[in-house]
Peer 1: 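Below you will find the structure I want to go over with you.
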Amino acid sequence: MSTFSSPDTPEGQPVRPEDGTRRSFMKQAGGLLGLALAPPFVGPAERLAAYSKTVEGVTSLQLKINGTVRSIQAEPRVTLLDALREYLDLTGTKKGCDHGQCGACTVHVDGRRINSCLTLAVMQQGKEITTIEGLAQGDALHPMQEAFLKHDGFQCGYCTPGQIMSGVACVKEGHAGSDDQTREWMSGNLCRCGAYPNIVAAVREVAGKA
Amino acid sequence: MDTAEPTFFDTNPKAGVVGQPLNRVDGRDKVTGKAKYSAEFNQLPGLVHAVLKTSDVAKGRITGFDTSAAMKQPGVLAILTHQNLPKLAKTPNDAEGKKAIGAPMGFLPLTTDQIHYAGQPVAIVVADTLERAQYAAALLKVQVAAEKPIASYEDPQAKLFDPTKVQDGKAPAHVVRGNAQAAFAAAPVQLTHTYTHAINHHNPMEPGATTAHWEAPDRLTIYDATQGVTRTQKAVSTMLGLSAEQVRVVTKYLGGGFGCKGSSWPHTILTVQAAKAVGRPVKLSLTRPQMFTGMGHREDQTQTLKMGATRDGKLTALIHEKTSTTSPWDNYAESNSKIINMLYACENFEASYQLARANVMTSTFTRAPGEAPGSFALESSLDDLAYQLGIDPLEIRLRNYAEKDPGTGQAWSSKSLKECYARGAELFGWSKRNPKAGATRDGRLLVGWGMATASYPVHNSQGTARARLYADGHAVVQAGATDLGTGTYTVMTQVAADALFLPVDKVRFELGDTKLPTAPNSGGSVAAGTVSSSVYMAAQDVWQKLIKVAVLDKKSPLYRAKAADVEVKQGRLQLKNNPQKGEDFAAIMKRAEMADIEGNGQGRYGSGYEDAQAAANADPAKKDQAADHSMHSFGAHFCEVKVDPDLGTVRVTRWVSVHGAGRILNAKTARSQIIGGSIFGIGAALMEGTVRDQNYSRYTNASLADYHIPVNADIPEMTVEFIDEKDPHINAMGVKGIGEISMVGVSAAVANAVFHATGKRVRSLPITPDKVLATKPVQA
Ligand code: FES
Ligand code: FES
């Protein structure tokens, strides 16, 4: 099995960082980063041996998603996006680039929109994660979902979950005050089908009612 | 046209839901995240992950692999290379194989040690998790004897050659009509301009993806991100030496395509082979960088257009030459000359192509292949001509209006271009345009108005559909079509509802499965026209079968009537000459104790609808012209830009598109399609370009951060309208496609607006700020 150093975490213990700052990331995934940052004169193996106890790569992670705590067995290098799509079968969140360049993977963490491909699942424990699957209340769609339907804010639908999650946050942030502002604050979400004017119409409608 | 066949015009003189701006029937699944795309079938038993390892060098030979580190990784199930992959029954590596497979590229990676292009897959790594597959692929070492590659037709090492056919054999490379050279030499006004185009990549938001599941040693299901399940089925089954029935392909949702998912690319068969090797279902998604070397592109190209005209702006000669890059194996070039040959009345025309082989993968159809770049050259030069002669750009287009197809001499099946011009000009306020370039300002910004014509042909095509009507008044209608996001699910539901006289919510339309009746690839704008008529014909078959039941049923008021004397109105079967006599379909079915009744239909689109025999017998390059009429959609785009004179930045600030494209099946989804295509074109006009390093023949900007596509802030409010157009010659529904015409002429409309704003003619796409600043204004 591959090993990852985890200086502060006893083997097997689920990790519960308080926040998603870089510091806690370093704590949880120190081995991974340590490898990359190790000075050339210290080989990775020496570095691991010198500084850390090692843990099995796969650990148990608890993620609170759409109000429910779910457990997965995954390595610390698993992104939140892959945890959702590949470990929890929450495939509504899409992967368009895996590099923070397209917004297809947008989810809410503690009410803020983030690109789930740019964060590790291990860093998001203990937080409220909301995905597109958690937006509707039973059969009642969220007003943003309704507005996307009404204004045809999509074609293929692949960027759509990300657009809707972004749209909801955009309104909440107070960044949908005008069409121009909406366009600017929705520009992190690419749509190759080119549904932009319809997306703006949908956000406008929801912002108008908010 | 077989006049015995029913048409929607006759059976449904007043459309019901057809044409209405219905919300998408699949919309709910898309806004809730329930819609499953090809990489999202996680329930398959024992599903594992595959990752492609690709070549960094563009030319060379693989001398060996060091798999030791990769193999030691936990969870790694297989590392497959050309050394250990079992041989396929057929590969596209020879002409016969390529044709049998229908491959877009005459070379399949992992069949030899040769490396022909950067990004070529050299190994496929399978592991139990995605992370482990990715990491193992990173650890896999490939030893390569690299050679100096050729990067493009501009490479000094490149050898230009003259192909006989382009667009993979689908278009002639030489077209001569009249005597263009002599006419150009004699023309009072002569323009010669050269246009260059950056490489464009489709970049649908959903990357190429395949999930392969061998359900038995000789039976396979593939969930594939493809624009045509039948095409993938044919490709994969042929390569494996299986019958088509042994390979099922499913595509329920497709995250865009724009042409790049129109063919079966190497990753699909490699995933299938990997699944065989590990004995478990395997899923593979291309990474975004791999999307730049995995599914084709629009080739880098230069076109020179010579335009001869009279002093009053009438075209007398058009001579078009195109030079572009192709792969080591194929003669692919978009056929730019098609639109130049047909768009305006001009008696003399000549076109030729030159290709150069380079170390690149084969380029492929990209939304409006040929029409998009071809119209950029034609519409830019025509704009020049207008300025040079002091004629309004719209007026010069009217002076050259083609009353019949100049290329073939055929009458148009329908053409509403004059109405498009007039309506577009009115919506845009064209008459208020200052004829002088560089003379309109908004503060410090320069304001420009430009326009261009759009057109796209109706490509001959056909397909089948099945309709099952239940006695309780609901129906299931099926065709193996795909919905790229264009609205196929929705518009076919509408057509079926009208044809079967049912409310939309009583109709379910199913698509995206080779188990369903065969539909054509969703490409070339044929899906709406072909599948809608297949669905319509399947419904007519239902009615014909039911009429037969009724006329044999002693208890039916229609007993002993001649089938030909019975018509169906609002679901009621009745005598044509005595409508009182008849009954509802449900009554007939109940008496006959029929739970349901099924009909099959074949829909034809384009020349094959007007003259099936002639189309069937025609040469592939001439099929579209085989019947009596020339068939095209037409339209016009009007664009306003604001240009920063100091920074050279261009922003599109207003947009109007008006199209005449036959019957519009859904006003809402059609508008979205036109908007989307225009935005695609604005991207090509202002920002899109993949840069191939000329030394290494490697892309330098293969990511969405570096390959810029339009974002929300780049796009203004847009106005779209359609002209009411009735075309009885193209299919039973009178529908033309709109997927590609939406982007034809767009880059020219933008460039023409930039010219009007600045007096600078930029003939190189994309029109980036550096080019705007470096270009000198044309002397007035
Ligand atoms: S997948 Fe996360 S930003 Fe593109
Ligand atoms: S709807 Fe297709 S990418 Fe946005």
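Order of the sequence lines fixes the chain letters, A, B, ..., with proteins taken first and strands second; residue numbering starts at 1 for each chain. Computed over heavy atoms, backbone and side chain alike; hydrogens, waters and symmetry mates excluded.
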Peer 1: Name the option with the most non-hydrogen atom pairs under 4.5 Å to chain A; the candidates are Lys34(B), Lys668(B), Met291(B).
Peer 2: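 Most heavy-atom pairs under 4.5 Å with chain A: Lys668(B).
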Peer 1: State, yes or no, whether a side-chain contact exists between Phe680(B) and Arg192(A) at a heavy-atom distance under 4.5 Å.
Peer 2: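 Contact flag for Phe680(B)/Arg192(A) side chains = yes.
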Peer 1: Can you check whether Val711(B) reaches Leu190(A) side chain to side chain, under 4.5 Å on heavy atoms?
Peer 2: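 Val711(B) vs Leu190(A): side chains touch.
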Peer 1: How long is the gap from CG on Asn712(B) to CG on Asn189(A), to the nearest 0.5 Å?
Peer 2: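 Nearest 0.5 Å value for the CG-CG distance: 9.0 Å.
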Peer 1: Does any backbone or side-chain atom of Thr669(B) lie under 4.5 Å from a heavy atom of chain A? Answer side chain, backbone, both or neither.
Peer 2: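 Contact with chain A involves both backbone and side-chain atoms of Thr669(B).
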Peer 1: Contact part of Ile675(B) toward chain A, heavy-atom cut-off under 4.5 Å: side chain, backbone, both or neither?
Peer 2: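 For Ile675(B), backbone and side chain are both near chain A.
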Peer 1: Taking only residues two or more places apart in sequence, or in another chain, which ones meet Asp180(A) in a salt bridge (Lys or Arg N to Asp or Glu O under 4.0 Å)?
Peer 2: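 By the salt bridge (Lys or Arg N to Asp or Glu O under 4.0 Å) rule, Asp180(A) matches Arg183(A).
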Peer 1: What part of Thr160(A) lies closer than 4.5 angstrom to a heavy atom of chain B: side chain, backbone, both or neither?
Peer 2: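 Side chain only.
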Peer 1: Restricting to non-hydrogen atoms, name the atom on Val58(A) and the atom on Arg132(B) that form the minimum distance, rounded to 0.1 Å.
Peer 2: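 In this case the closest contact between Val58(A) and Arg132(B) is CG2-NH2, 3.7 Å.
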Peer 1: Out of Ile199(A), Ile164(A), Val200(A), Leu141(A), which one racks up the most heavy-atom pairs below 4.5 Å with chain B?
Peer 2: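 Most heavy-atom pairs under 4.5 Å with chain B: Leu141(A).
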Peer 1: Please classify the contact between Phe41(B) and chain A as side chain, backbone, both or neither, with a heavy-atom cut-off of under 4.5 Å.
Peer 2: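 No part of it gets close to chain A.
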Peer 1: Could you check which of Asp152(A), Ile132(A), Thr182(A), Asp82(A) has the highest count of heavy-atom pairs closer than 4.5 Å to chain B?
Peer 2: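 Highest number of heavy-atom pairs under 4.5 Å: Asp152(A).
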Peer 1: To the nearest 0.5 Å, tell me how far Glu131(B) CD sits from Thr79(A) OG1.
Peer 2: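 Atom-to-atom, Glu131(B):CD and Thr79(A):OG1 are 7.0 Å apart.
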Peer 1: For Leu149(A), is it the side chain, the backbone, both or neither that has a heavy atom under 4.5 Å from a heavy atom of chain B?
Peer 2: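 For Leu149(A), backbone and side chain are both near chain B.
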Peer 1: Heavy-atom pairs under 4.5 Å with chain A - which of Gly677(B), Ser672(B), Pro710(B), Pro289(B) has more of them than the others?
Peer 2: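 The candidate making the most pairs under 4.5 Å is Ser672(B).
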Peer 1: What residue in Ala713(B), Pro716(B), Gly676(B), Gly255(B) has the most heavy-atom pairs under 4.5 Å with chain A?
Peer 2: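 Ranked by heavy-atom pairs under 4.5 Å with chain A, first place is Ala713(B).
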Peer 1: Which atom pair, heavy atoms only, marks the closest approach of Gly157(A) to Tyr37(B)?
Peer 2: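 What the structure gives for the nearest pair is C-OH, 3.2 Å.
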Peer 1: Within residues 85-95 of chain A, which positions have a heavy-atom distance to chain B below 4.5 Å?
Peer 2: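 Against chain B, the residues of residues 85-95 of chain A that fall inside the cut-off (heavy atoms, under 4.5 Å) are Arg85(A), Glu86(A), Tyr87(A), Asp89(A), Thr91(A), Gly92(A), Lys94(A), Lys95(A).
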Peer 1: If you count every heavy atom of other residues, nucleotides or ligands that lies below 6.0 Å from Trp655(B) atom CH2, does the total exceed 12?
Peer 2: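 Check passes, neighbour count above 12.
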Peer 1: Evaluate whether atom NE2 of His175(A) has more than 12 neighbouring non-hydrogen atoms of other residues, nucleotides or ligands under 6.0 angstrom away.
Peer 2: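 Enclosed.
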Peer 1: Out of Lys283(B), Arg28(B), Met718(B), Gln43(B), which one racks up the most heavy-atom pairs below 4.5 Å with chain A?
Peer 2: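 Most heavy-atom pairs within the cutoff with chain A belong to Arg28(B).
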Peer 1: Are Ile679(B) and Pro197(A) side-chain neighbours, meaning at least one heavy-atom pair lies under 4.5 Å?
Peer 2: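 A side-chain contact exists here, since the closest heavy-atom pair is under 4.5 Å.
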Peer 1: Assess the residue pair Asp98(A) and Thr287(B) against the criterion (side-chain contact (heavy atoms from CB on, under 4.5 Å)); give the C-alpha distance rounded to whole Å, side-chain angles, the decisive distance to 0.1 Å, and a yes or no.
Peer 2: CA-CA 8 Å; Asp98(A) 212 16; Thr287(B) 64; over 6 Å; no
Peer 1: Does any backbone or side-chain atom of Ala35(B) lie under 4.5 Å from a heavy atom of chain A? Answer side chain, backbone, both or neither.
Peer 2: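 Only the backbone of Ala35(B) comes within 4.5 Å of chain A.
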Peer 1: When you look at Arg671(B) and Asn198(A), which way does the side-chain contact (heavy atoms from CB on, under 4.5 Å) test go after all the steps?
Peer 2: CA-CA 10 Å; Arg671(B) 174 178 174 272; Asn198(A) 299 351; 2.9 Å; yes
Peer 1: Looking at chain A, which one of Arg288(B), Met205(B), His202(B), Glu717(B) has the largest number of heavy-atom pairs inside 4.5 Å, strictly under?
Peer 2: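 Greatest number of close heavy-atom pairs with chain A: Met205(B).
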Peer 1: Atom CG in Leu254(B), atom SG in Cys156(A): separation rounded to 0.5 Å?
Peer 2: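 Rounded to the nearest 0.5 Å, the CG-SG separation comes out at 7.5 Å.
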Peer 1: Apply side-chain contact (heavy atoms from CB on, under 4.5 Å) to Gln101(A) and Ser703(B), showing your working.
Peer 2: CA-CA 8 Å; Gln101(A) 300 164 345; Ser703(B) 77; 3.7 Å; yes
Peer 1: Contact between Gln155(A) and Lys30(B) at the side-chain level, heavy atoms closer than 4.5 Å - yes or no?
Peer 2: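 Side chain of Gln155(A) against side chain of Lys30(B), heavy atoms only: no contact under 4.5 Å found.
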